Amino acid sequence: MEVTWLGWAVTVGVIVALLGLDLIIAVRPHRVGFKEATAWSVFYVAVAVAFGLVLGSIVGWDYGLEYFAGYLVEKSLSVDNLFVFVIIMGRFAVPPAHQQKALLFGIAVALALRSVLIAVGAA
C-alpha cells in the first residue's frame with residue numbers, strides 16, 4: 001500500500017487536532033466521572049471505526065480489515081495499562097482533579113517517543 005503525503009498529512013493533522021482537543025479540555029482540572037469517561041471512550045472508538053471505514057473504502061477492504069484486526073488486538077492489550085495507571089496514580093498520590101492532565105501528558109510523551117523510535121527504526 002502506497003500512502004500519499006496528503007494521506008499522511010490528513011492523518012497526522014487529525015491526530016494533532018484530537019490531542020489539542022484533549023489539551024483544551026484537560027486545562028480545566030476536574031474529577032472525571034463514569035459518565036464523562038464513557039462518553040469520551042465512545043467518541044474515540046467511533047473515531048477509530050470511522051478511520052477504519054475511510055481506510056477500507058479508499059485503499060481496499062483487505063487493508064481495512066487488517067487495520068480493524070490490529071485495532072482490536074491493541075485495544076485488548078491496552079487493558080493492562082489501566083491497572084498500571086491505577087497503581088501509578090495511587091502510589092504518587094495524584095489528586096483526582098489532576099489525573100486527566102497527568103495521563104494526557106504521559107500519552108503525549110509516549111506518542112512522541114514512539115514516533116521517534118519508529119522513524120529511527122525505519123531509517
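These figures come from a predicted structure and were not determined experimentally. The residues of the chain are indexed from 1 along the displayed sequence.
- Applying the ring-ring contact (aromatic ring centres under 6.0 Å, His included) test to every pair with at least one member in residues 59-99, sequence neighbours left out, gives these pairs: F51-Y67.
- One finds the CG atom of L82 at 11.0 Å from the CD1 atom of I87 (value rounded to the nearest 0.5 Å).
- For L6, the side-chain contact (heavy atoms from CB on, under 4.5 Å) partners are T4, V10, not counting sequence neighbours.
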Contacts table for residues 11-21: side-chain donor-acceptor under 3.5 angstrom, sequence neighbours left out:
from: T11; atom 1: OG1; to: G7; atom 2: O; distance (Å): 2.8

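- Atoms CD1 and CD, from I88 and Q99 in turn, are 11.5 Å apart once rounded to the nearest 0.5 Å.
- With sequence neighbours excluded, no residue forms a side-chain contact (heavy atoms from CB on, under 4.5 Å) with S41.
- Not one N or O on the side chain of Q100 forms a donor-acceptor pair closer than 3.5 Å with the backbone of R31.
- Looking at every heavy atom in both residues, V45 comes nearest to K75 through CG2-CE, 4.2 Å.
- Within 6.0 Å of the CG atom in D80, the count of heavy atoms belonging to other residues, nucleotides or ligands exceeds 12.
- Placement of V79 and V73 in two distinct hydrophobic clusters is found when ILVMFWY residues are connected by side-chain heavy-atom separations under 4.5 Å, directly or transitively.
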Distance-only donor-acceptor hits, side chain of residues 52-59, under 3.5 Å, sequence neighbours excluded:
from: S57; atom 1: OG; to: L53; atom 2: O; distance (Å): 3.2
from: S57; atom 1: OG; to: V54; atom 2: O; distance (Å): 2.9

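- Partners of V109 by side-chain contact (heavy atoms from CB on, under 4.5 Å), not counting sequence neighbours, listed by chain and number: F105, L113.
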